[in-house]
Amino acid sequence: MATFSNLSERLVKTFAHLRTKGKLSPADVDATVREIRRALLDADVALTVVKAFTARVRERALSDEVNQALNPAQQVVKIVDEELVAILGGETRHLRFAKQPPTVIMLAGLQGAGKTTFAGKLALRLRGEGHTPILVAADLQRPNAVGQLQVVGEQAGVSVYAPEPGNGVGDPVKVAKASIRYARDKQHDVVIVDTAGRTGVDEQMMKQAAAIRKAIDPDEVLFVIDAMIGQDAVATAKAFDEGVDFTGVVLSKLDGDTRGGAALSVVSVTGKPILFASTGERLEDLEVFHPERQARRILD
Ligand code: GDP
């Protein structure tokens with residue numbers, strides 16, 4: 001993924017230099033940690049996350065773990081790899097399904113984050129796995145949100161539940177609740193509820209998202225965040241975490257940028273796992289997020 005190419009290049013270069021050395025002096029370790037720190041900051045990783053990360057790497061790199069290693073430089077790379085996996089969430093976290101269908105998945109995030117696109121991507125993927133998802137338009141604020149979801153639904157080959165004129169129009173909580181009854185009646189086993197987003201975190205939007213969450217009691221609340229928003233990622237993620245207590249993160253537009261700070265900050269800051277990475281505008285451009293694979297991509 002292009003998002004991490006800069007960071008990746010810098011780390012690979014730092015380690016190539018380190019590999020020219022045999023035993024590592026504390027000065028070598030410090031120089032390496034400084035390089036890692038700069039590379040992470042330039043990738044827009046939040047300062048608090050960078051500090052904690054480099055402190056852990058430094059402590060381990062100065063320990064016997066490295067001192068007594070046959071190949072000290074290689075051991076440092078291994079430590080960075082393990083710590084990267086840890087800040088990316090550790091284990092792969094798969095989507096959770098309800099014991100009793102329908103599984104209800106609510107999406108939240110800022111306007112333009114990629115929620116509607118992700119809704120289509122997830123629906124397409126689930127359909128491919130034999131599920132019978134529907135998309136629900138609970139974003140009734142943006143004039144064309146319902147229309148956009150209908151287009152995405154058509155591309156994904158799934159139906160869209162949208163309010164009929166006069167039938168609870170303007171009340172996304174009612175629409176979301178009704179959609180679950182509808183799904184049960186029509187035997188759809190997954191309901192994906194797209195909610196309204198604003199361009200910035202806004203109290204009214206958050207209240208509405210919280211009200212929808214309370215009304216439909218979702219199995220997953222996925223917070224969709226644009227990987228390109230850089231340093232704003234932390235504040236935005238925190239606000240949504242407080243507002244809707246999301247269960248997982250979707251990183252979108254991971255194809256679009258050479259930084260990737262959001263990815264490396266959001267898990268640490270919220271303690272919530274990343275489930276998916278959205279990597280393009282086509283509905284097929286969706287990956288399950290694997291922390292180990294992602295760390296390897298950064299370090300190879
Ligand atoms: P929403 O307001 O959160 O529903 O965001 P949208 O789904 O409408 O997406 C906003 C814009 O970002 C659209 O132009 C999408 O085509 C684009 N987009 C969404 N996901 C991705 C992605 O993973 N990569 C790229 N390059 N563009 C994306």
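Remember, it's 1-based here, ligands and their atoms both numbered in the order they're listed. Throughout, residue positions are numbered sequentially from 1 according to the sequence presented.
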Without placing hydrogens or testing angles, list every side-chain donor-acceptor pair under 3.5 Å for residues 97-107, not counting sequence neighbours.
unit_1 : atom_1 : unit_2 : atom_2 : d
Thr103 : OG1    : Ala98  : N      : 2.8

Would you list the atom pairs, donor with acceptor, under 3.5 Å between side chains in residues 87-95 and any protein atom, with sequence neighbours excluded?
unit_1 : atom_1 : unit_2 : atom_2 : d
Thr92  : OG1    : His290 : ND1    : 2.9
Arg93  : NH1    : Glu220 : OE2    : 2.9
Arg93  : NH2    : Glu220 : OE1    : 3.2

Would you list the atom pairs, donor with acceptor, under 3.5 Å between side chains in residues 264-277 and any protein atom, with sequence neighbours excluded?
unit_1 : atom_1 : unit_2 : atom_2 : d
Ser265 : OG     : Ala46  : N      : 3.0
Ser265 : OG     : Gly261 : O      : 2.9
Thr270 : OG1    : Val266 : O      : 2.8
Thr270 : OG1    : Lys272 : N      : 3.1
Lys272 : NZ     : Asp241 : OD1    : 2.6
Lys272 : NZ     : Asp245 : OD1    : 3.0
Lys272 : NZ     : Phe246 : O      : 2.7

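Within 4.0 Å of ligand 1, contacts by protein heavy atoms are made from Leu110, Gln111, Gly112, Ala113, Gly114, Lys115, Thr116, Thr117, Lys121, Arg142, Gln148, Lys253, Asp255, Ser278, Thr279, Gly280, Glu281.
To the nearest 0.5 Å, the span separating OG on Ser278 from NZ on Lys115 amounts to 12.0 Å. A distance of 9.0 Å separates CG of Leu110 from CG of Asp232, quoted to the nearest 0.5 Å. One distance of note links CZ of Arg297 with CG of Leu299; it measures 12.5 Å at 0.5 Å rounding.
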